[in-house]
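Computed from a predicted structure; not experimentally measured. No hydrogens, no waters, no symmetry mates; every other heavy atom, side chains included, goes into these values. Just so it is clear: chains get the letters A, B, ... in the order the sequence lines come, proteins before strands, and each one is counted from 1.
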2 protein chains.
Amino acid sequence: MELSNYSKIFKALSNEQRLKIFLMIYKNCCSPEGAVVGSEFKLKDESCCSVKGGLEKAFTRICDCMNLSRSTISHHFKELQNAGLITCEREGQTYRCKINQEVVESIMDFLK
Amino acid sequence: MELSNYSKIFKALSNEQRLKIFLMIYKNCCSPEGAVVGSEFKLKDESCCSVKGGLEKAFTRICDCMNLSRSTISHHFKELQNAGLITCEREGQTYRCKINQEVVESIMDFLK
DNA sequence: TATATTATTCTAAAATCATGGAACTATCGA
DNA sequence: TCGATAGTTCCATGATTTTAGAATAATATA
């Protein structure tokens, strides 16, 4: 993988709001305050969490959790997709997001 | 560690030029083209590589390798320091840069 | 000590980014 | 079918970032 791909991935994670969104998908939950994050992700509001595999009505939930407009959330999702970190597909009103685990792992390898 | 710290670290690595500088220190070498990077970092110009522990006349070398002004290189170094990724100290004309391995590892833990 | 070299800081300009509103498309459900 | 809901795209704007030149400070060496 080219160096520019790595910087693109880091850029996708460099914005705090976007990182929060990424974690919602990665850890399958979200925290309104985006407080302390570890392998055990502490929830503030379980209602905006989804089950493994997809975020149902993702945007509305995320808009509720974070103070961002739909349009902004959409931009952030696109950025994460462009970096290859996630893959999204819409199935009616269900928005399925998946982590591209290989990409996450390539970052870890890169830093090893 | 706070979420904002992680995004700060990712931001430091999000710029391709800065990532290249980081790798010069991390892998203790540099590549003018910043080509393919892996655990085995291939050199284009060994002359601008340093020995383990410090980069002697770092800026001049890096300016030669990359097409950036001194002032820009300086800014990038500062950014990497601010993110906590590296520690630099000047010792006369020798500029010692060290990686903060714990910080690099905290990123890997974060992504685990 | 004077001069050359090295790195930092100030300032400014161009480029990129984050964000939201409005208009738009797609889908659900009454 | 019609209204409500979900997400996207276009467009504009304020904020941040990247970059370099000039001035400055620190250091080495002749």
Side-chain angles (χ1 to χ4, degrees), chain A residues 3-4 6-22 24-25 30 34 47-48 50 54-83 85-98, chain B residues 3-4 6-22 24-25 30 34 47-48 50 54-83 85-98:
Chain A
L3 193 62
S4 63
Y6 288 106
S7 62
K8 202 170 170 187
I9 295 169
F10 288 129
K11 185 168 286 165
L13 300 175
S14 73
N15 175 276
E16 195 174 338
Q17 310 306 321
R18 206 155 49 222
L19 182 55
K20 223 182 281 184
I21 294 174
F22 174 73
M24 285 181 212
I25 306 165
C30 67
S47 72
C48 65
S50 77
L55 275 176
E56 197 130 348
K57 286 167 195 179
F59 281 30
T60 304
R61 289 181 170 195
I62 291 170
C63 289
D64 289 348
C65 282
M66 307 173 66
N67 241 12
L68 292 176
S69 73
R70 260 143 202 271
S71 134
T72 302
I73 303 277
S74 182
H75 288 309
H76 284 323
F77 264 96
K78 199 152 65 177
E79 188 81 13
L80 290 169
Q81 283 178 272
N82 282 148
L85 281 163
I86 63 171
T87 312
C88 301
E89 57 184 60
R90 210 171 151 181
E91 225 181 280
Q93 270 182 349
T94 297
Y95 198 78
R96 286 192 195 290
C97 303
K98 272 191 281 187
Chain B
L3 193 62
S4 63
Y6 289 105
S7 62
K8 202 170 168 185
I9 295 169
F10 288 129
K11 184 169 288 166
L13 300 175
S14 73
N15 177 276
E16 195 174 339
Q17 310 306 322
R18 205 155 48 223
L19 183 55
K20 224 183 279 184
I21 295 175
F22 174 74
M24 286 182 211
I25 306 166
C30 67
S47 71
C48 64
S50 78
L55 276 174
E56 197 131 346
K57 287 167 195 177
F59 281 31
T60 304
R61 288 180 169 196
I62 292 170
C63 288
D64 289 350
C65 283
M66 307 173 65
N67 241 11
L68 293 176
S69 72
R70 260 142 200 271
S71 125
T72 302
I73 303 275
S74 182
H75 287 309
H76 284 324
F77 263 96
K78 200 152 66 176
E79 189 82 12
L80 291 170
Q81 283 179 273
N82 282 148
L85 281 163
I86 63 171
T87 312
C88 300
E89 57 184 59
R90 211 173 151 182
E91 223 180 283
Q93 270 182 350
T94 297
Y95 197 78
R96 287 193 192 291
C97 303
K98 272 190 282 184

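Counting only N and O atoms by type, the side chains of A/S4 and A/S7 include no donor and acceptor under 3.5 Å apart. Neither side chain, A/S74 nor A/S71, offers a donor N or O lying under 3.5 Å from an acceptor on the other.
Put simply, B/K11 has no side-chain N or O that comes within less than 4.0 Å of OP1 or OP2 on C/dC17. The phosphate of C/dA18 has neither OP1 nor OP2 within less than 4.0 Å of any side-chain N or O from A/T72. In this model, the phosphate group of C/dT9 is approached by a side-chain N or O of B/K78 to a distance below 4.0 Å at OP1 or OP2.
If you check C/dG21, C/dT19, D/dA20 against the side chain of A/S71, the one that comes closest is C/dG21. The side chain of A/S74 has D/dT9 as its nearest neighbour among C/dT9, D/dT19, D/dT9.
One can place CD1 of B/I21 at 11 Å from P of D/dT18, the figure rounded to the nearest angstrom. For the pair B/Q17 CD and C/dT16 C1', the interatomic distance rounds to 15 Å; values are reported in whole Å. The interatomic distance linking A/F77 (CZ) with C/dT19 (P) rounds to 14 Å, in whole Å. In this structure, the CG atom of A/N15 is 12 Å from the C1' atom of D/dA15, given to the nearest Å. To the nearest angstrom, P of D/dT19 lies 10 Å from CD of B/E16. Distance, A/L68 CG to C/dT19 P: 5 Å, rounded to whole Å. Rounded to whole Å, the distance from CZ on A/R70 to P on D/dT8 is 10 Å. When the P atom of D/dT17 is taken as reference, atom CZ of B/F10 falls 17 Å away, rounded to whole Å.
With contacts defined as side-chain heavy-atom distances shorter than 4.5 Å, the pair B/L85/B/L13 qualifies.
Within 3.5 Å, a donor on the side chain of A/H75 pairs with an acceptor on the base of C/dG20, or the reverse.
Here the closest heavy-atom approach between residue A/F77 and residue A/C88 is recorded as CD2-SG, 3.8 Å.
Within the 4.0 angstrom heavy-atom criterion, only backbone atoms of the sugar-phosphate kind lie near B/H76; the bases stay farther away.
The main-chain N or O of B/K11 is found under 3.5 Å from a side-chain atom of B/R18 such that the two form a donor-acceptor pair.
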